[in-house]
**Student:** 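Handing you a structure now.
Order of listing sets the numbers, starting from 1, for every ligand and every atom in it.
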Amino acid sequence: MKAVLFEKFQEAPKLSTVDDPTPAPHGVVLKVAATGVCRSDWHGWMGHDSDIDLPHVPGHELAGVVEAVGKDVKNWKVGDKVTVPFICGCGSCSECHSGNQQVCLHQEQPGFTHWGSFAEYVPIHQADLNLVALPETMDFATAASLGCRFATSFRAVIDQGKVSAGQWVAVHGCGGVGLSAVMIAAAAGANVIGVDLDPAKLTVAKDLGAVATINGRETDVPAAIREVTKGGAHVSLDALGHPVTMTNSILCLRPRGKHVQVGLMLGDHAAPAIPMPKIVGQEIELLGSHGMQAHRYGAMLEMVASGRLDPSRLVGQQITLAEAPQALMDMDKFQSVGATVITRF
Ligand SMILES: [Zn+2]
Ligand SMILES: [Zn+2]
């Protein structure tokens with residue numbers, strides 16, 4: 001099959017021909033129909049993720065069709081249209097038993113712990129636990145975002161942030177995760193403030209339901225949010241993963257507010273300085289959020305089916321597999337409005 005492969009970290013990936021994967025007894029092989037290019041792929045390529053063995057094929061935001069089924073798989077057949085959370089549970093650890101496959105102790109991540117979906121085919125483990133059926137009406141480019149960004153935001157806003165109607169929610173960083181969070185928090189009835197440095201992204205945030213936007217280049221972000229909200233946000237998300245956005249997110253909260261860290265902080269940013277006096281003195285909650293387990297997709301897909309969420313609005317450029325190496329390497333320099341998705345292989 002064709003796949004985008006890198007032999008060394010930070011060296012240009014190449015479109016290569018590699019062996020086709022075969023399914024594990026409990027797994028499937030999917031024919032990839034769409035796969036997003038995500039900042040996490042860039043982190044992996046930079047060498048920030050210790051799970052990755054070289055050579056490596058990235059790609060974890062995928063949707064496709066079941067191509068081959070392992071002998072122990074009960075619930076899936078060739079031809080089923082599916083996506084998968086980028087964190088796949090093992091099915092046997094205490095976290096999986098409690099329904100929290102997103103923090104499985106033996107988790108597998110396509111594109112990190114094994115070869116991913118920048119390829120014609122990708123193997124997925126523990127298919128009965130991890131696959132999610134897609135509605136017939138959903139196009140694959142939209143569905144690809146459900147594997148990572150959109151689902152990650154759904155968990156961060158709904159399950160971790162527990163956002164409710166009338167709350168003020170600040171979203172720092174309006175890339176794929178941030179814009180998804182704006183849409184989801186607005187659908188939950190919150191008053192959402194979008195923060196970014198790029199006016200074009202702030203315009204999209206407004207279109208997706210933000211009641212206010214703040215350009216971080218022009219103003220003191222926490223002060224501006226405290227002014228708009230008359231005291232601070234109830235819930236704030238760092239959707240980028242940077243010391244500046246993380247700090248702004250904590251400092252913009254009202255007493256007893258919740259900070260949800262969604263953007264990954266790796267490499268030089270792995271141990272940021274946290275404004276601890278405010279955390280203690282104002283009883284701020286610090287929460288991590290890490291993907292979303294397969295059994296929670298139903299709630300999100302119901303909101304998509306009813307029209308309250310429309311992830312198709314977040315699909316940006318559609319590219320070919322041959323264009324993927326450049327798109328991956330550019331991920332930290334230039335983030336386009338909407339997700340870049342590989343849809344031609
Ligand atoms: Zn991702
Ligand atoms: Zn597990």
Side-chain angles (χ1 to χ4, degrees), residues 4 24 26-27 32 34-46 48-49 51-52 56-63 83-118 122 124-132 141-156 173 175-181 237-241 261-266 288-297 300 311 314-316 319 324 327-328 330-332 335-336 338-342:
V4 168
H26 53 75
V32 182
T35 184
V37 184
C38 176
R39 196 154 177 263
S40 310
D41 297 313
W42 177 86
H43 276 300
W45 171 69
M46 285 293 287
H48 294 164
D49 192 315
D51 287 334
I52 293 177
H56 185 67
V57 176
H60 61 280
E61 307 191 352
L62 63 117
T83 188
V84 64
F86 74 92
I87 301 153
C88 292
C90 72
S92 337
C93 75
S94 55
E95 296 306 325
C96 283
H97 286 161
S98 75
N100 287 294
Q101 291 84 10
Q102 79 283 0
V103 288
C104 168
L105 302 176
H106 311 292
Q107 59 191 251
E108 303 226 41
Q109 301 182 10
F112 298 96
T113 59
H114 63 87
W115 284 10
S117 52
F118 284 16
V122 63
I124 301 294
H125 303 294
Q126 300 294 344
D128 285 333
L129 181 68
N130 294 310
L131 289 188
V132 175
T142 301
S145 76
L146 303 181
C148 177
R149 286 171 245 220
F150 202 76
T152 293
S153 296
F154 191 86
R155 177 165 171 77
V177 167
L179 289 174
S180 303
L237 287 80
D238 174 10
L240 177 64
Q261 186 64 42
V262 193
L264 294 174
M265 297 189 72
L266 300 170
S289 196
H290 193 222
M292 185 167 81
Q293 64 277 58
H295 69 81
R296 282 290 289 152
Y297 273 63
M300 179 175 73
L314 303 171
V315 176
I319 63 170
L328 172 71
D330 287 347
M331 206 60 209
D332 198 50
Q335 286 199 2
S336 55
T340 299
V341 186
I342 303 161

**Student:** With carbon and hydrogen excluded and only N/O/S kept, which atom of E61 is nearest the Zn ion (ligand 1)?
**Tutor:**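 Of all N, O or S atoms in E61, the Zn ion (ligand 1) lies closest to OE2.
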**Student:** State, to 0.1 Å, how close L129 and A294 come at their nearest heavy-atom pair, and which atoms those are.
**Tutor:**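 Looks like O-CB, 3.6 Å.
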**Student:** Quick one: sort the H114 and H125 rings into parallel, tilted or perpendicular, breaks at 30° and 60°.
**Tutor:**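 H114 vs H125 ring planes: perpendicular.
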**Student:** Please confirm whether the backbone N or O of G99 pairs with a side-chain atom of H295, one donor and one acceptor, at under 3.5 Å?
**Tutor:**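 It does hold such a pair.
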**Student:** Where the Zn ion (ligand 1) is the corner point, what angle links SG of C38 with SG of C148, to 10°?
**Tutor:**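 SG of C38 and SG of C148 make an angle of 130° at the Zn ion (ligand 1), to the nearest 10°.
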**Student:** Short check: any N/O/S atom of C93 below 2.8 Å from the Zn ion (ligand 2)?
**Tutor:**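 Yes, since at least one N, O or S atom of C93 sits under 2.8 Å from the Zn ion (ligand 2).
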**Student:** How long is the straight-line distance from CG of N130 back to SG of C96, given to the nearest 0.5 Å?
**Tutor:**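 Going from the SG atom of C96 to the CG atom of N130 covers 7.5 Å.
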**Student:** For the Zn ion (ligand 1), find the closest N/O/S atom belonging to H60 and write down its atom name.
**Tutor:**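 Output for this pair reads NE2.
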**Student:** How wide is the angle at the Zn ion (ligand 2) between SG in C104 and SG in C90, to the nearest 10°?
**Tutor:**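 Taking the Zn ion (ligand 2) as the apex, the two atoms subtend 100°.
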**Student:** For the Zn ion (ligand 2), decide whether C96 has an N, O or S atom at a distance under 2.8 Å.
**Tutor:**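 Looking at C96, which is the residue asked about, there is an N, O or S atom under 2.8 Å from the Zn ion (ligand 2).
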**Student:** State whether the side chain of D41 and the backbone N or O of V37 hold a donor-acceptor pair below 3.5 Å, judged by distance alone.
**Tutor:**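 Not confirmed, D41 side chain does not pair with V37 backbone.
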**Student:** Under 2.8 Å from the Zn ion (ligand 1), is there an N/O/S atom belonging to D41?
**Tutor:**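 D41 does not place any N, O or S atom closer than 2.8 Å to the Zn ion (ligand 1).
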**Student:** Determine whether a donor-acceptor pair (N or O, by modelled atom type, separation under 3.5 Å) exists between the side chain of E95 and the backbone of H97.
**Tutor:**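 Side chain of E95 to backbone of H97, a donor-acceptor pair under 3.5 Å: no, none is there.
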